[in-house]
Amino acid sequence: MTLDPESLLKFAAALAFVVALIAAVAWVAKRFVPGAGAMSSAGRRRRLQTVEILPLDSKTRAVLLRRDDTEHLVVIGPDSLAVVETIRPNPVS
């Protein structure tokens, strides 16, 4: 089976489009999805991480944040922010 130059050009263009689309989705995920970019460019783990976001109503959400080994449950509203709970790990004896 031989490919004429026009078919080969269409194949190359389609392949370039798919690779660009994959790169765009990866960039959007790293930029906008919480926790997707947990590793910094140097390869070390970031100290602050969004673990989970739960919408409570149309304008209020509960956010679970992790800093080092401590988790903070925060409720964020349009005009307020409240730390509901802080969970620290038990020290190893």
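Val83 pairs by the side chain to side chain contact (heavy atoms under 4.5 Å, CB included) definition with Val74, Thr86, not counting sequence neighbours. Residues passing the salt bridge (charged side-chain N to carboxylate O under 4.0 Å, His left out) test with Arg88, sequence neighbours excluded: none. Every side chain to side chain donor-acceptor pair (under 3.5 Å) that Asp57 has, sequence neighbours left out, goes to Thr60.
Evaluation of the salt bridge (charged side-chain N to carboxylate O under 4.0 Å, His left out) test over residues 65-74, restricted to residues two or more places apart or in two chains, returns Arg47-Asp68, Arg66-Glu71. Within the structure, salt bridge (charged side-chain N to carboxylate O under 4.0 Å, His left out) pairs that include any residue of residues 2-24 comprise Glu6-Lys10 (at least two apart or interchain).
One hydrophobic cluster, built from ILVMFWY side chains closer than 4.5 Å, cannot hold both Val18 and Val25; they sit in different ones. When the side chains of ILVMFWY residues are joined at heavy-atom separations under 4.5 Å, either directly or via intervening members, Phe17 and Phe11 end up in two distinct hydrophobic clusters.
Note that CD1 of Ile87 is 7.5 Å distant from CG of Leu73, once rounded to the nearest 0.5 Å. Here the straight-line distance linking atom CD1 of Ile53 with atom CD1 of Ile76 works out to 7.5 Å at 0.5 Å rounding.
When all heavy atoms of Pro78 and Lys59 are compared, the pair lying nearest together is CD-O, 3.5 Å.
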